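What you see below is based on every heavy atom in this structure, not just the backbone, and it leaves out hydrogens, waters and symmetry mates. Here is how names work: the chains are called A, B, and so on, in the same order as the sequence lines, proteins then strands, and each is numbered from 1. On a predicted model such as this, the values are computed, not experimentally measured, just so you know.
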Amino acid sequence: MAILETRELMKTYIMGGEPVRAVDGISLRVDAGDFVSIMGPSGSGKTTLLNLLGCIDRPTGGQVLVEDRDVSRLSNATLDRLRLRKIGFVFQRVNLIPILSAAENVELPMDMAGVSAAARRARALELLAAVGLERRAAHRPAQLSAGEQQRVGIARALANDPAVILADEPTGNLDSKSAAGICALLSSLNNRGQTIIMVTHDPEAGAIAARRVSIRDGRISEQSGN
Amino acid sequence: MKRSYLTLGFRNLTRRKSRTLLTLTGVALAIGFTVGLLSISEGFMKSFDRVMGTSGPELFVVPQGQGKMPFPMSMGCAGGALEERSVSVMGGIQGVTMAEPMIRMFASKKDAPGMLGDMPMLTFAVPPETFFRLRPDAKIKHGRAMRKSDNRVYIAGFVLAQNLELKLGDSLLVGGESFRVTGIMDRAGQPYDYFGYVPLAAAQQIRELDGKVCGVMVKLDNPARAKDASRRIKALFPKVDIQSVEEIADSFQDMMMMSQAVHFAVSCFALLIGVLFVATTMIMSVSERVREFATIRVIGASRGFVVKMIMAESLILSLLGGAAGCLLGYGLSKGIDWLNFVYFRESFMQTWVSPKILIIATAVSLLIGTFAGIVPALAILKRPMAENLRYE
């Protein structure tokens, strides 16, 4: 089954009175268990594509299907619920909530999904242990290194057991050692069956994905892997 | 779900502690100032209601031409005098149980404590023989009551004596003449606790009002039929004005309404400052966290969650400020009472932080919080999520 699929996806912005096609007719299918890296230079449209895949933005043309359901015309409230339950997000700048501890950051999406306090605390600790941070559960983001923060970000993305993780330049703000650790973590998650789509312009990070998609000027310019 | 936005709202206030503290101070000052001001008019109304509830005369008869002056100001013969003999006629009118002639005077004591030196104290000249009939609860604590044969004697109400530190034998100036204190009354919880009394004959001599009086206090057998009695008096004495207790209460109410309107206007200004404090804090707080709100939305929070989160923060801020303001206002009202006591001793007027004031303060705090929270919440939700996610 396709977890995510786009059909002739389009996103056009009006800039200075002129239409600019950030995504120009992309058709892409991501099946369960896939690890897809989307690569391309700055301004190629990869983040716009990720935003459309993650239902953060609405396309101006074409379709986005999540588990075979066209989400293009769903209401904002339905899209909120869809993102909460089906999609996990990992950001380049992590974006943890600074006033919450690592465990509370991981608990937040579960809290929004209505998981009981005891269950979400147990799951948060389990996820932090899975990313190697079981001893840092009570620490706030400012007390963690950049690499540790990104691990918390990945644990948060996994909180509601999403169908797919969308990672936008997850190693972009990390030193090479931390970046390698994050790549290894994502690989291990994928090996355990987690579907991942990662946007990156780092060839080393992109290489860990079994399938690599290059985009340029809003179009797929090259695909490799299976 | 409930826990998250409350936790986030509360903890966000600890991010910038000095800003939060400054905002709380601003709201507390605004609310405190309002509570303090309103406690003055509430206290006055309470004192007035207490007096109105006591067993006194029901009608006040004064010569025409006093304008709309309420009792006791109308009892000074400003527009003429009444014949003393008319009092006994009034006393015989159907429904009237008693009519007491009266002249309003002022007394002063040079060496009185605080600001009371030379301050005019309300003093009524009444016939000694009617004094206890109209004031059945009155008791003499020290000295003796007025006698018919007395002239320059002064009977002080309990509070008046206490405030002026009067002792038996002390002298007071009434209408420029010296009067000797011969009696001090016990506290009765009645208006006359605050007044002094002299014999009517003495006042008539001083004011050169032989056979005349400035007003008549009338007690009725049935206070509910005050209008009927008033009509009968007016029929016999067309050249008098009659004020009922209700009319006097109404004219005081009107005066207090004006005072409350002024207090309210000043309070509105203070509250505007409170709104500006919280609104500025909330706008700054939200604009500093654009990316954070976008993140929360992206990971699945509904628009309602974000609104609740910002509203929780704003309401916690305004309600905490409001609670501090109520305490401050209470302190302010006690301060006013203390200053009042230092300068004027025990006063007829005491401030009162009534439940109504506390409800108003809480409602205003809620309004401040709602208004200050909803504006930035809606503003942040208006911007596209993807754009907010890239916000620097």
Side-chain angles (χ1 to χ4, degrees), chain A residues 11 13 22 47-52 54-58 75-101 104-117 120-121 140-142 153 156-160 162 165-166 168, chain B residues 1-20 281-282 284-314 316-317 377-378 380-392:
Chain A
K11 182 69 184 178
Y13 294 107
T47 296
T48 304
L49 175 61
L50 200 75
N51 287 343
L52 293 170
C55 307
I56 296 170
D57 209 351
R58 286 182 184 273
S75 69
N76 286 333
T78 311
L79 289 180
D80 292 342
R81 285 195 293 276
L82 189 88
R83 284 197 308 276
L84 180 64
R85 293 177 187 279
K86 298 287 179 190
I87 305 168
F89 291 88
V90 178
F91 305 95
Q92 180 178 356
R93 284 186 289 190
V94 192
N95 295 354
L96 295 177
I97 309 299
I99 50 167
L100 298 180
S101 68
E104 287 170 334
N105 265 287
V106 179
E107 280 185 57
L108 188 60
M110 290 186 271
D111 196 358
M112 292 171 187
V115 179
S116 71
R120 64 177 184 251
R121 178 46 60 117
R140 289 200 175 178
R156 178 177 67 184
L158 291 165
N160 285 331
I165 284 183
L166 302 181
D168 186 7
Chain B
M1 193 91 157
K2 280 173 193 161
R3 197 187 72 96
S4 284
Y5 61 75
L6 283 175
T7 305
L8 286 165
F10 188 76
R11 288 207 198 154
N12 275 323
L13 293 172
T14 62
R15 280 195 208 200
R16 293 182 185 270
K17 292 187 180 72
S18 30
R19 186 171 69 191
T20 300
T281 297
M282 287 311 299
M284 285 169 73
S285 170
V286 169
S287 60
E288 283 165 1
R289 292 183 284 147
V290 171
R291 199 146 48 85
E292 192 175 306
F293 287 116
T295 304
I296 289 171
R297 287 277 288 129
V298 166
I299 65 174
S302 64
R303 294 164 68 88
F305 183 91
V306 173
V307 170
K308 283 179 199 167
M309 187 178 149
I310 296 171
M311 291 299 289
E313 190 175 334
S314 179
I316 290 169
L317 195 59
L378 294 179
I380 195 86
L381 288 173
K382 241 178 160 179
R383 295 162 57 111
M385 250 186 290
E387 193 182 299
N388 284 352
L389 213 49
R390 290 195 300 271
Y391 190 84
E392 294 292 340

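When heavy atoms are compared at a cutoff of 4.5 Å, B:Arg289 does not approach chain A at all. Interface remark: A:Asn51 contributes side-chain atoms only to the contact with chain B (heavy atom separation under 4.5 Å). Using a 4.5 Å cut-off between heavy atoms, A:Arg85 makes no contact with chain B at all. Neither the backbone nor the side chain of A:Leu82 has a heavy atom closer than 4.5 Å to any heavy atom of chain B.
The residue among A:Leu84, A:Val115, A:Asp57 with the most heavy atom pairs within less than 4.5 Å of chain B is A:Leu84. Of the listed residues A:Pro98, A:Ala77, A:Pro162, A:Gly88, the one with more heavy-atom pairs under 4.5 angstrom with chain B than any other is A:Pro98.
B:Glu292 has its side chain out of reach of A:Leu96: every pair of non-hydrogen atoms, C-beta onward, lies at least 4.5 Å apart. A:Phe91 has its side chain within reach of B:Val298: a pair of non-hydrogen atoms, C-beta onward, lies under 4.5 Å apart. Residues A:Leu108 and B:Ile299 form a side-chain contact, since some pair of their non-hydrogen atoms from C-beta on lies under 4.5 Å apart. Counting only heavy atoms from C-beta outward, the side chains of B:Leu389 and A:Asn95 approach each other to under 4.5 Å.
Judged purely by atom type and a 3.5 angstrom limit, A:Arg81 has no side-chain atom pairing as donor or acceptor with the backbone of B:Ser302. Of the possible polar contacts, none joining the A:Arg83 side chain to the B:Gly300 backbone as a donor-acceptor pair under 3.5 Å is found.
One finds the CG atom of B:Leu8 at 8.5 Å from the CD atom of A:Glu104 (value rounded to the nearest 0.5 Å).
Contacts of B:Arg303 classified as salt bridge (Lys or Arg N to Asp or Glu O under 4.0 Å), with partners at least two apart in sequence or in another chain: none.
Scanning all heavy atoms of the two residues, the minimum distance from B:Arg11 to A:Ile99 falls at NH1-O, 2.9 Å.
Taking a 6.0 Å sphere around CZ of A:Arg58, one finds it holds more than 12 heavy atoms contributed by other residues, nucleotides or ligands.
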